[in-house]
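Take a look at the structure set out below.
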Amino acid sequence: MKYLQQQLKDKKGKIVWLASYPKSGNTWFRCFISALFTGEVDLAKLKTDGIFSNRQLFDRISNIDSRLLTDREVRSMIPEIYIDHAKTLPQLAFVKVHDAYILNDLKKPIFPKEISHKVVYLVRNPLDVVGSFAHHNASSIPQTINLMNNPQGYLAGPVEGLNINLQFRQLMLDWSGHVKSWTEQKEIEVILVRYEDMLNDTFATFRRIVDALEIEASDKEVQQAIDLTSFSKLKAQEEDKGFKEKNIKAENFFRSGKTNQYETELTVQQINRIKKRHLDVMSQLNYTI
C-alpha cells in the first residue's frame, strides 16, 4: 500500500481526468481508485479529488465571486485556474468530469495539457444511460432522451434563474458529441473504458486501466479493490449511510448495476430515437442491436 501511495506522490502536480457522460460508471471507478490506494471505501470520504466544475475551488483560486461571471467567462479562466491548482497538488489527482472536451473563447482547451497525466473516458450504451439518468434526475424518459439528443445539452443549470449551484453549469453536448469530444481530441492520451466491460470482464478491464495509468499494482491489489467495490457492497453502504451525490429527488444513487435494462424500460419508439441520433458512435463502440 505504501508503494502505491508513493507512486501518487511521484506524479504530483498532474491530474487524471475521469471523464464520462453521466451514469456511465464514473462513481464506480472512483470507488475503485479509492479502494486501490487506501484499502477501503467510504462513500462519505472517497479518496479522489472532486469534480472539474467545482465553483468553490474556482472562487478560492481566482478570488472572484464566480456567480458574477458568465459561462463563457468561466471557461476562459478555468484552464489557468487548474494550472495554478495543480502547483499545490501533493500527489497525482483524480478529478471527475462531465463536461465535454471543448475550446473556450481564447481557442484553448478547457483541460490544460501541461497538467494532464491521462484521461480515463468511461462510456456506456446510451440506451441504458437513459433509464439510469432519468432515475438519477427524477425526470421522465422523454425528458432524458431530449437532453441526450440536444447538441447543446447542459448539466446543473441555474436554480430558479439564479446561478448559485456549487457546481458550474456543464456543457455536455449530446451523447455522441460528448463521446467524440473526448475520444477524438489529440492533446491528452485517452484510456477508453466501456461500462459493459467493467461488468463482464471486470479484472481484465481494471487491470488494463491501472497499467495504462502507469501505476504498478499487483494482481492481488487490483482484485482486492474490485472486491471492495462490488455493486452489492456499494449499494448496501448507501442504504446504511446514504450518499451525498444522490439527487435529493431520487430514491437512491445505486440502482441495478446491470446491462440491457433498456429492453424493459424503453419503448420501441424511444429506442429508435436514440439509435437515429447516435447509431454511428454506438456502432464504433460495438453498441448495436
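All of these numbers come straight from a predicted model, not from anything done at the bench.
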Among I33, N26, V16, exactly one meets side-chain contact (heavy atoms from CB on, under 4.5 Å) together with V120. Which residue is that?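 Of the listed options, the one satisfying the test is V16.
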
Nearest atoms (heavy-atom pairs only) where [X] meets [Y]:
X: F94; Y: L18; answer: CB-CD1, 3.9 Å
X: G131; Y: I141; answer: CA-CD1, 3.9 Å
X: Y262; Y: L127; answer: CB-O, 3.3 Å
X: N125; Y: E196; answer: N-OE2, 3.0 Å
X: L122; Y: M198; answer: CD2-SD, 3.6 Å
X: Q167; Y: I51; answer: OE1-CD1, 3.6 Å

Could you walk me through whether R124 and R194 pass the side-chain contact (heavy atoms from CB on, under 4.5 Å) check? CA-CA 6 Å; R124 185 181 187 183; R194 299 193 330 155; over 6 Å; no

Tell me, please, which residues at least two apart from [X] pass side-chain contact (heavy atoms from CB on, under 4.5 Å).
X: E80; answer: I83, K108
X: V190; answer: V119, Y121, Q185
X: K186; answer: none
X: D201; answer: A204, T205

Got a second to check how far [X]'s [atom1] is from [Y]'s [atom2], nearest 0.5 Å?
X: Q152; Y: L171; atom1: CD; atom2: CG; result: 5.5 Å
X: L103; Y: S76; atom1: CG; atom2: OG; result: 11.0 Å
X: D71; Y: R169; atom1: CG; atom2: CZ; result: 4.5 Å
X: S53; Y: L155; atom1: OG; atom2: CG; result: 7.5 Å
X: L173; Y: M148; atom1: CG; atom2: CE; result: 13.0 Å
X: D49; Y: R30; atom1: CG; atom2: CZ; result: 10.5 Å

Just checking, is any N or O donor in the side chain of [X] or [Y] under 3.5 Å from an acceptor N or O on the other one?
X: R277; Y: N272; value: no
X: N149; Y: H278; value: yes
X: Q6; Y: D10; value: yes
X: Q143; Y: S140; value: yes

Determine whether L4 and I209 fall in the same hydrophobic cluster, where Ile, Leu, Val, Met, Phe, Trp and Tyr are linked whenever their side-chain heavy atoms lie under 4.5 Å apart.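 Yes.
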
Verify the cluster assignment for I64 and I78: are they in a single hydrophobic cluster under the rule of side-chain heavy atoms below 4.5 Å apart?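 Looking at the clustering, I78 is in the same group as I64.
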
Side chain to side chain donor-acceptor pair (under 3.5 Å) partners of [X], counting only residues at least two apart:
X: N150; answer: none
X: N200; answer: none
X: N54; answer: none
X: D59; answer: S66

Quick one: are [X] and [Y] in side-chain contact, heavy atoms under 4.5 Å?
X: D99; Y: M172; result: no
X: P22; Y: H136; result: no
X: V222; Y: F203; result: yes
X: P142; Y: Q270; result: yes
X: L285; Y: L192; result: yes
X: Y21; Y: F133; result: yes
X: L89; Y: I15; result: yes
X: V129; Y: S24; result: yes

Any donor-acceptor pair under 3.5 Å linking the side chain of [X] with the backbone of [Y]?
X: Q223; Y: K220; answer: no
X: Q5; Y: F37; answer: yes
X: E184; Y: S181; answer: no
X: H178; Y: H98; answer: yes
X: K9; Y: L92; answer: no
X: S116; Y: P112; answer: yes

So which pairs with a foot in residues 132-153 pass salt bridge (Lys or Arg N to Asp or Glu O under 4.0 Å), sequence neighbours left out?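 As it turns out, there is no salt bridge (Lys or Arg N to Asp or Glu O under 4.0 Å) pair with a partner in residues 132-153 once direct neighbours are skipped.
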
What class does the angle between the rings of F29 and F206 fall in, given that below 30° is parallel, 30 to 60° is tilted and above 60° is perpendicular?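 Answer is parallel, since the angle falls under 30°.
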
Angle between ring planes, Y101 versus W182, binned at 30° and 60°: parallel, tilted or perpendicular?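 Ring orientation of Y101 relative to W182: perpendicular.
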
Test side-chain hydrogen bond (donor to acceptor under 3.5 Å, both in side chains) on S139 and T144 and set out the steps. CA-CA 7 Å; S139 60; T144 303; 3.2 Å; yes

Is the number of heavy atoms from other residues, nucleotides or ligands under 6.0 Å of K180 NZ greater than 12?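 Not more than 12 within 6.0 Å, no.
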
Verdict with supporting geometry, C31 and L234, side-chain contact (heavy atoms from CB on, under 4.5 Å): CA-CA 9 Å; C31 290; L234 295 177; 3.9 Å; yes

Applying side-chain contact (heavy atoms from CB on, under 4.5 Å) to T27 and F32, what does each step give before you reach the verdict? CA-CA 9 Å; T27 299; F32 169 81; over 6 Å; no

Non-neighbouring partners of D65 that pass salt bridge (Lys or Arg N to Asp or Glu O under 4.0 Å), sequence neighbours left out: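 In terms of salt bridge (Lys or Arg N to Asp or Glu O under 4.0 Å), with neighbours along the sequence ignored, D65 is linked to R67.
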
Which residues pass the salt bridge (Lys or Arg N to Asp or Glu O under 4.0 Å) test with K118, sequence neighbours left out?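 With neighbours one apart ignored, the set is E189, E214.
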
Test ring-ring contact (aromatic ring centres under 6.0 Å, His included) applied to H85 - qualifying residues, sequence neighbours left out: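 Once residues adjacent in sequence are excluded, the partners of H85 under the ring-ring contact (aromatic ring centres under 6.0 Å, His included) criterion are Y82.
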
Does a side-chain N-to-carboxylate-O contact under 4.0 Å join R208 and D211?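 No.
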
In plain terms, say whether R75 and D105 are close enough for a salt bridge, that is, a side-chain N and a carboxylate O under 4.0 Å apart.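 Between D105 and R75 there is no salt bridge, as every charged N stays at least 4.0 Å from the carboxylate O atoms.
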
L166/R55 under side-chain contact (heavy atoms from CB on, under 4.5 Å): CA gap, chis, key distance, verdict: CA-CA 6 Å; L166 294 179; R55 182 186 297 278; 5.6 Å; no

